[in-house]
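Residue numbers start from 1 in every chain, and the chains themselves are labelled A, B, ... in the order their sequence lines are given, proteins ahead of strands. Atom set for the values below is all heavy atoms of this structure, side chains included, hydrogens, waters and symmetry mates excluded.
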Amino acid sequence: MLTQAPKGTNDILPDEIHRWHRVEREFAALCAQFGYREIRIPVFEHTELFHRGVGETTDIVQKEMYTFDDKGGRSLTLRPEGTAGVVRSYIEHGMASLVQPVKLYYNISAYRYEKMQKGRYREFHQFGMEMFGAADPAADAEIISLLSLFFERLGIGNLSLNLNSIGCPTCRSAYNLLLREHLSDRIGSMCETCQGRYERNPMRILDCKEDGCRAKTKDAPALLDHICEDCRSHFDALCAKLETMGIRYAIDKGIVRGLDYYTRTVFEFVSRNIGTQGTVCGGGRYDGLMEACGGPKTPGIGFGLGVERLLMEMESQGLETPAPEAPLIYIGAIGTAAGDTVEALCWDLRRKGISCIKDVMGRSVKSQMKYADKLGTRYTMILGDNEIESGRVALRDMKNGESKDISLESLADRLQKCCRD
RNA sequence: GUGGGUGUAGCUCAAUCGGCUAGAGUGCCAGGUUGUGGUCCUGGAGGUCAUGGGUUCGAUCCCCAUCACUCACCCCA
């Protein structure tokens with residue numbers, strides 16, 4: 001226990017951190033390019049916020065939250081996703097009075113108490129983005145196009161983009177009536193969960209994986225075919241825009257999205273090669289959320305993108321991220337007197353911005369060379385009494401093993417030139 | 001929450017049909033004459049054989065439980 005990370009958590013080790021940096025950099029750059037600004041929100045919030053912002057009926061709220069009381073008796077919860085916190089921040093800081101739309105992005109960890117498996121962890125990481133104030137399908141198109149470009153920049157191919165509209169509260173309640181009617185004569189023979197869904201949220205029945213239930217819902221009406229005129233034209237406009245940009249998508253009438261606050265557009269980017277948890281990114285429009293959280297009526301759209309899954313997908317596609325460069329030079333020392341000189345020399349180089357490594361273990365010359373080799377430094381040099389006296393050293397290029405006799409004084413200049421190449 | 005698989009060195013894995021100090025490769029550390037890496041050679045450190053019970057003269061091996069890891073269901077990033 002003492003020496004084991006909690007279930008569902010992972011260390012991100014030095015050997016792999018460059019992959020994270022790469023996608024983080026790429027995402028931040030792209031967001032900036034599209035005019036989104038970064039926001040950082042707390043890891044925990046008042047529990048109430050998630051009840052409201054994620055939805056009482058969701059699995060997340062019902063059984064997956066890390067909730068605890070602090071010493072002041074407040075109920076707090078580790079964020080299970082990012083949107084609710086961002087919405088809270090929007091309201092708290094009066095962002096309604098900022099230039100509209102308000103375009104935000106974030107890079108967060110999130111926490112859900114779940115049984116873990118491939119691609120699903122208790123602590124995981126998300127890139128996310130929210131745009132507030134724009135109800136137009138152009139906003140939906142912008143968000144989706146940004147994602148599409150993100151994957152393109154990373155070299156990720158064949159993620160499929162699935163698209164659906166789940167309408168607005170008005171057309172959804174009309175549809176729910178229709179669906180109940182359609183199922184009324186057979187609901188008795190369906191699974192227990194579905195019977196529960198029948199009253200609460202009949203749409204979810206269509207999402208049931210039980211074979212028996214599936215067969216019985218095969219010919220059920222699809223919500224997409226029964227949305228109102230406004231929702232329909234919103235959806236059609238979005239599709240048209242995607243086509244204009246050459247972004248390929250598939251309409252999937254089955255996407256429901258677990259979170260209660262979604263309206264109209266829902267979408268996901270799905271991978272087929274990283275296991276059952278193939279949803280790399282899921283998002284959609286949530287025009288009712290801001291109001292539900294006590295803010296001004298404000299349309300919104302956003303997504304969450306699973307970073308672990310993104311990295312898994314990249315790995316499965318054989319996309320390598322080059323490891324960062326090794327330090328430029330290793331400077332070895334023979335004897336304690338030389339050690340002091342090397343110390344001073346390194347300090348000088350480091351202040352000049354040159355990356356150099358020296359011995360801190362009092363090792364033999366041979367060991368120091370082996371060490372330099374393992375570090376992969378481009379150059380090495382060894383300083384002893386002779387060098388200090390003559391002011392000249394052998395600068396060794398580790399790639400070809402050749403040494404050049406140079407003056408100690410010229411070292412910094414030479415190395416700085418190397419850095420520029 | 002339900003079900004399956006797996007737990008031996010930092011890593012990848014052996015072995016003992018139940019029997020002496022549990023092995024290899026790799027990695028790590030150090031040496032291979034006095035001041036120079038990669039290959040090679042030698043040596044060293046490193047294991048409560050996941051944990052706790054049980055069966056047995058004797059368990060790393062058999063049985064049970066627990067825990068962890070892992071995959072799938074549910075659901076989602």
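The phosphate of B:rA72 (OP1 or OP2) has a side-chain N or O of A:Thr276 nearer than 4.0 angstrom. The side chain of A:Gln117 places no N or O atom within less than 4.0 Å of a non-bridging phosphate oxygen (OP1 or OP2) of B:rC71. Proximity of A:Lys115 to the phosphate of B:rC74: no side-chain N or O atom is located under 4.0 Å from OP1 or OP2.
Comparing A:Cys281 and A:Glu402 against RNA chain B, the residue whose closest nucleotide sits nearer the 5' end is A:Glu402.
Between the side chain of A:Arg52 and the backbone N or O of A:Ala292, at least one donor-acceptor pair lies under 3.5 Å. Side chain of A:Asp11 to main chain of A:Leu13: no donor-acceptor pair is present (N/O by atom type, distance under 3.5 Å, no hydrogens or angles). Looking only at distances, no side-chain donor or acceptor of A:Arg285 sits under 3.5 Å from a matching main-chain atom of A:Pro299. Checked by atom type and distance alone, the side chain of A:Gln368 pairs as donor or acceptor with a backbone atom of A:Arg363 at under 3.5 Å. Using a distance-only test at 3.5 Å, with no hydrogens or angles considered, no donor-acceptor pair links the side chain of A:Asp252 to the main chain of A:Asn162.
Taking atom C1' on both nucleotides, B:rG1 is separated from B:rA59 by 36 Å, rounded to a whole Å. If you take atom P in B:rC49 and the same atom in B:rG43, they sit 26 Å apart, rounded to whole Å. Taking atom C1' on both nucleotides, B:rG4 is separated from B:rC61 by 23 Å, rounded to a whole Å. B:rG10 sits 33 Å from B:rG3 when the P atoms are compared, rounded to a whole Å.
When the P atom of B:rC74 is taken as reference, atom CG of A:Asp59 falls 11 Å away, rounded to whole Å. Look at CG on A:Leu375: it is 14 Å from P on B:rG38, rounded to the nearest Å. In this entry the distance linking CZ of A:Phe27 with C1' of B:rA77 reads 13 Å, nearest Å. When the P atom of B:rC74 is taken as reference, atom NZ of A:Lys63 falls 11 Å away, rounded to whole Å. Atom P of nucleotide B:rA77 and atom CZ of A:Phe151 are separated by 13 Å, given to the nearest angstrom. Regarding A:Tyr262, its OH atom lies at a distance of 6 Å from the P atom of B:rA77, rounded to whole Å. Across the protein-nucleic acid pair, A:Tyr121 atom OH and B:rC71 atom C1' stand 12 Å apart, rounded to whole Å. Atom P of nucleotide B:rC74 and atom CD of A:Glu64 are separated by 14 Å, given to the nearest angstrom.
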Problem set entry | Watson-Crick or G-U pairs under 3.5 Å in RNA chain B, rendered as dot-bracket with [ ] for crossing pairs and | for another strand | (((((((..((((.....[...)))).(((((.......))))).....(((((..]....))))))))))))....
Exercise. In the 5'-to-3' direction, what one-character label does each nucleotide of nucleotides 29-36 of chain B receive under the scheme B = base within less than 4.0 Å of a protein heavy atom, S = sugar-phosphate only, - = no such atom?
Worked result: SSSB--BB
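Aromatic ring pairs are classed by plane angle as parallel below 30°, tilted from 30° to 60° and perpendicular above 60°; the pair A:Phe269 and A:Phe267 is perpendicular. By the 30° and 60° cut-offs, the orientation of the rings of A:His226 relative to A:Tyr175 is tilted.
Checked for salt-bridge contact, A:Arg309 and A:Glu313 miss the test: no charged N lies under 4.0 Å from a carboxylate O. Between A:Glu142 and A:Lys103 there is a salt bridge, since a side-chain N of the basic residue sits under 4.0 Å from a carboxylate O of the acidic one. With respect to A:Lys352 and A:Asp348, a salt bridge is recorded, a charged nitrogen being found less than 4.0 Å from a carboxylate O.
For B:rC75, its base sits under 3.5 Å from the side chain of A:Arg120 at one donor and acceptor pair at least.
Across all strands shown, A:Gly119 has heavy atoms under 4.0 Å from base atoms, whether or not it also approaches the sugar-phosphate.
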